[in-house]
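Taking it in order: structure first as structure tokens, then the write-up.
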Amino acid sequence: MKKTIGIIGAGAIGLAFATRAAAAGHEVIISNSRGPASLSAVIKDLKGIQAGTREAVAQADVVMIAVPWQHLDAAVAGLDLSGKIVFDPMNPIITPGFIVADLGGKTSSEVVASKVPGAALVKVFNTLPPALITANPAQNGDNRVMFYSGDDKTAKEITHRLLSSMGFAGIDLGGLVQGGRMQQFPGGPLAAIHLVKY
């Protein structure tokens with residue numbers, strides 16, 4: 001199942017996901033707020049990853065938004081992601097200062113979903129640090145667990161297959177509210193939990 005994958009944000013999580021996805025044979029394009037030229041040094045040694053604009057990223061089959069929480073609005077401004085599968089690995093932490101954002105009682109993914117109307121949002125890749133995402137997830141026949149949640153059945157099926165192609169054992173936690181609360185950092189019981197499926 002080869003997919004084109006676009007990533008908005010070239011920080012640690014975005015690059016970790018890009019590296020694993022490209023290693024699994026998917027076409028990856030990554031963007032940041034400063035333009036493709038600013039990423040040339042970052043990706044020059046990373047095979048299968050191209051730099052592009054946010055608009056080019058938005059054309060991919062799957063789009064990940066991986067920016068600091070306070071830059072969410074700017075990251076999606078002017079983009080039409082309706083009909084797309086959107087991965088949300090973000091945690092509601094404002095940096096610097098490690099300030100927990102006021103979500104008004106919602107999960108962070110509910111907030112993100114409201115910013116990308118018409119998209120099928122999947123919460124994923126937020127519970128493990130970048131080093132565990134880029135490390136070979138399959139060891140001795142085992143697979144590192146990756147939790148995900150969302151409200152769109154088809155999007156979650158594609159997510160599961162994509163995770164499998166990357167060597168992860170995907171575990172569906174249910175809808176964005178139920179699963180999102182379990183995954184969310186800080187406070188969720190599954191945040192930062194590293195499990196291996198035997």
Side-chain angles (χ1 to χ4, degrees), residues 1-9 13-31 46-50 52 56-66 79-91 107-110 112-113 116 118-180 182-184 188 190-191 193-198:
M1 182 198 70
K2 188 174 181 179
K3 291 288 184 183
T4 57
I5 295 172
I7 304 168
I8 300 173
I13 291 294
L15 285 172
F17 173 62
T19 301
R20 282 291 342 148
H26 301 286
E27 297 179 15
V28 179
I29 180 170
I30 192 165
S31 69
L46 301 177
K47 295 181 179 179
I49 302 174
Q50 300 177 25
V57 163
Q59 301 306 309
D61 298 322
V62 176
V63 177
M64 172 182 273
I65 305 170
L79 295 182
D80 180 7
L81 295 173
S82 59
K84 298 289 183 179
I85 297 172
V86 173
F87 282 179
D88 168 25
M90 292 179 291
N91 291 311
T107 65
S108 61
S109 283
E110 287 178 279
V112 177
V116 288
L121 195 82
V122 179
K123 184 72 171 179
V124 67
F125 284 102
N126 79 301
T127 58
L128 292 180
L132 289 181
I133 295 173
T134 53
N136 186 2
Q139 298 181 12
N140 302 318
D142 307 327
N143 298 90
R144 189 165 291 127
V145 168
M146 184 65 70
F147 300 109
Y148 64 94
S149 58
D151 295 331
D152 187 286
K153 180 180 178 181
T154 300
K156 290 200 292 184
E157 289 172 349
I158 291 172
T159 298
H160 190 88
R161 293 199 298 270
L162 183 60
L163 290 172
S164 295
S165 76
M166 295 169 65
F168 292 101
I171 294 183
D172 183 355
L173 298 177
L176 275 184
V177 175
Q178 170 192 333
M182 296 175 70
Q183 290 172 262
Q184 187 160 297
L190 298 178
I193 296 294
H194 174 213
L195 301 175
V196 174
K197 184 177 180 180
Y198 296 100

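When reading the values below, keep in mind they use all heavy atoms of this one structure, side chains included, and skip hydrogens, waters and symmetry mates.
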One should read off an interatomic distance between D80 CG and Q59 CD, to the nearest 0.5 angstrom, of 9.0 Å
Non-hydrogen atoms of G6 and A60 that approach each other most closely: N-CB, 3.3 Å
Of the non-hydrogen atoms in S31 and G52, which two are nearest, and what is the gap between them? CB-O, 3.2 Å
Calculate, to the nearest 0.5 Å, the distance between atoms CG and CZ belonging to L190 and F147 respectively. 4.5 Å
Side-chain touch L121/S109, heavy atoms, less than 4.5 angstrom: yes
Result for side-chain contact (heavy atoms from CB on, under 4.5 Å) between P89 and one of I13, I133, I7 points to I13
Would you check, one step at a time, whether the test side-chain contact (heavy atoms from CB on, under 4.5 Å) holds for H26 with L162? CA-CA 9 Å; H26 301 286; L162 183 60; 3.2 Å; yes
Are K123 and S108 close enough that some pair of their side-chain heavy atoms sits under 4.5 Å apart? yes
Value rounded to 0.5 Å, distance of CE in M90 from CD1 in I65: 5.0 Å
I need the minimum non-hydrogen distance between G175 and D151, along with the two atoms involved. CA-OD1, 3.3 Å
Just how far is it from atom CZ of R161 to atom CE of M166, taken to the nearest 0.5 Å? 15.0 Å
Heavy atoms only: give me the nearest P130-A16 pair and the separation to one decimal. O-CB, 3.8 Å
Please tell me if the side chains of I29 and T4 come closer than 4.5 Å, counting only heavy atoms from C-beta onward. no
Does L128 reach the side chain of R144, with side-chain heavy atoms less than 4.5 Å apart? yes
Got L46 and V28 here, is their nearest side-chain heavy-atom distance under 4.5 Å? no
Where do I30 and A18 come nearest, in terms of heavy atoms and distance? CD1-CB, 4.5 Å
How long is the gap from CD1 on I49 to CZ on F17, to the nearest 0.5 Å? 10.5 Å
In this structure, OG1 of T107 is separated from CD of Q178 (nearest 0.5 Å) by 11.5 Å
What's the shortest heavy-atom distance between A191 and Q183, and which atoms? CB-O, 3.6 Å
Is there a side-chain contact (heavy atoms from CB on, under 4.5 Å) between I5 and F87 once you walk through the steps? CA-CA 10 Å; I5 295 172; F87 282 179; over 6 Å; no
Output, in order, the C-alpha distance, side-chain angles, deciding distance and verdict of side-chain contact (heavy atoms from CB on, under 4.5 Å) for D88 and L176. CA-CA 11 Å; D88 168 25; L176 275 184; over 6 Å; no
The residue among K156, K153, H160 that forms side chain to side chain donor-acceptor pair (under 3.5 Å) with D172 is K156
Take L195 and I171 through the test side-chain contact (heavy atoms from CB on, under 4.5 Å) and record every step on the way to the result. CA-CA 11 Å; L195 301 175; I171 294 183; 5.9 Å; no
Any side-chain heavy-atom pair from V63 and I8 closer than 4.5 angstrom? yes
